[in-house]
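Order of the sequence lines sets the chain letters (A, B, ...), proteins ahead of strands, with each chain counted from 1.
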There are 2 protein chains.
Amino acid sequence: MRFSSEVVVTLRPSINDPQGLVVHDGLRQLGFTGVRSARVGKYIELEVEAADEASAQAVVTQMCEKLLRNPVIEDYRITVRPLGGAPSSGSPT
Amino acid sequence: MRFSSEVVVTLRPSINDPQGLVVHDGLRQLGFTGVRSARVGKYIELEVEAADEASAQAVVTQMCEKLLRNPVIEDYRITVRPLGGAPSSGSPT
């Protein structure tokens, strides 16, 4: 069964984010004075083959641990949903 | 009122994604044979001051149109939620 997984990798809150500062300053210079902070991360969209949603979640977690995030400075979060069908019960999104 | 907004900027499906190919190949070389595709995008977390959720959504849309995404090759999507409180009615996430 095929699953679509979204991985968001963000810098830990204590880590400086120069890219986010550039975005923040750029937005303010464009007149968006309401912006209070901006932080930039990575977004990775994966399609994986797995027996069920739990194993898809497990395998994507392994991918994050082994390749996608730098454990020293980054956090990650994962969402998994079946492709081409309604989300399975217990995980409405 | 302060809102937290998440912006995901992705390459349009028709656009080549060399970074995604590298992730895909890297994962396969690590033994993740179940991975079928990988695409990499940007994730931007913003805090904005706005009168209500609708204006926060509108201002973040303007930020995307003016700075955050390249309209030739990228799409974007936005979620907005109030900071430090329950999500307002009508927009449960």
Side-chain angles (χ1 to χ4, degrees), chain A residues 1-11 13 17 19-52 55-56 58-69 74-77 79-80 83 92-93, chain B residues 1-11 13 17 19-52 55-56 58-69 74-77 79-80 83 92-93:
Chain A
M1 201 175 164
R2 194 167 289 202
F3 294 86
S4 166
S5 176
E6 298 181 356
V7 178
V8 171
V9 179
T10 50
L11 288 167
D17 177 9
Q19 204 182 348
L21 289 180
V22 170
V23 168
H24 183 243
D25 292 351
L27 288 171
R28 290 188 72 88
Q29 277 169 32
L30 284 172
F32 294 107
T33 52
V35 61
R36 291 290 172 270
S37 79
R39 289 182 73 82
V40 175
K42 279 174 288 181
Y43 171 84
I44 303 149
E45 215 169 53
L46 298 165
E47 267 182 48
V48 293
E49 199 76 45
D52 53 39
S55 22
V59 81
V60 175
T61 302
Q62 279 301 307
M63 291 175 185
C64 289
E65 296 289 342
K66 289 195 179 165
L67 182 73
L68 301 178
R69 75 101 180 231
E74 291 174 331
D75 291 322
Y76 65 93
R77 58 179 197 267
T79 57
V80 170
L83 256 187
T93 41
Chain B
M1 202 177 163
R2 194 167 288 202
F3 294 86
S4 165
S5 176
E6 299 182 355
V7 177
V8 171
V9 178
T10 51
L11 287 166
D17 178 10
Q19 204 183 349
L21 290 178
V22 169
V23 168
H24 183 243
D25 292 352
L27 288 171
R28 292 187 71 87
Q29 278 169 31
L30 284 173
F32 294 107
T33 52
V35 61
R36 291 289 172 271
S37 80
R39 289 182 74 79
V40 175
K42 278 173 289 182
Y43 171 83
I44 303 149
E45 218 169 52
L46 299 165
E47 266 183 48
V48 293
E49 199 76 43
D52 52 39
S55 23
V59 81
V60 175
T61 302
Q62 279 301 308
M63 291 175 186
C64 289
E65 296 289 342
K66 289 197 179 163
L67 182 73
L68 302 178
R69 74 102 179 231
E74 291 175 331
D75 291 322
Y76 65 94
R77 58 179 197 269
T79 57
V80 171
L83 256 186
T93 43

Taking every non-hydrogen atom, the tightest pair across [X] and [Y]:
| X | Y | answer |
| --- | --- | --- |
| A:M63 | B:F32 | N-CZ, 3.6 Å |
| A:R77 | B:Y43 | NH2-OH, 2.9 Å |
| A:V23 | B:L68 | CG1-CD2, 3.7 Å |

Region of [X] that comes under 4.5 Å of a non-hydrogen atom in chain A:
| X | answer |
| --- | --- |
| B:T10 | side chain |
| B:V8 | side chain |
| B:E6 | side chain |
| B:L30 | side chain |

Most contacts with chain A, counted as non-hydrogen pairs under 4.5 angstrom, among B:V7, B:V9, B:V60, B:V40
B:V40

Given B:S4, B:S5, B:G41, the one with more heavy-atom pairs under 4.5 angstrom with chain A than any other is B:G41

Side chain, backbone, both or neither: which part of A:A38 has a non-hydrogen atom closer than 4.5 Å to chain B?
both

Step through the shown structure and confirm whether more than 12 heavy atoms of other residues, nucleotides or ligands are within 6.0 Å of CD on A:Q19.
no

Most contacts with chain B, counted as non-hydrogen pairs under 4.5 angstrom, among A:H24, A:R36, A:Q62
A:R36

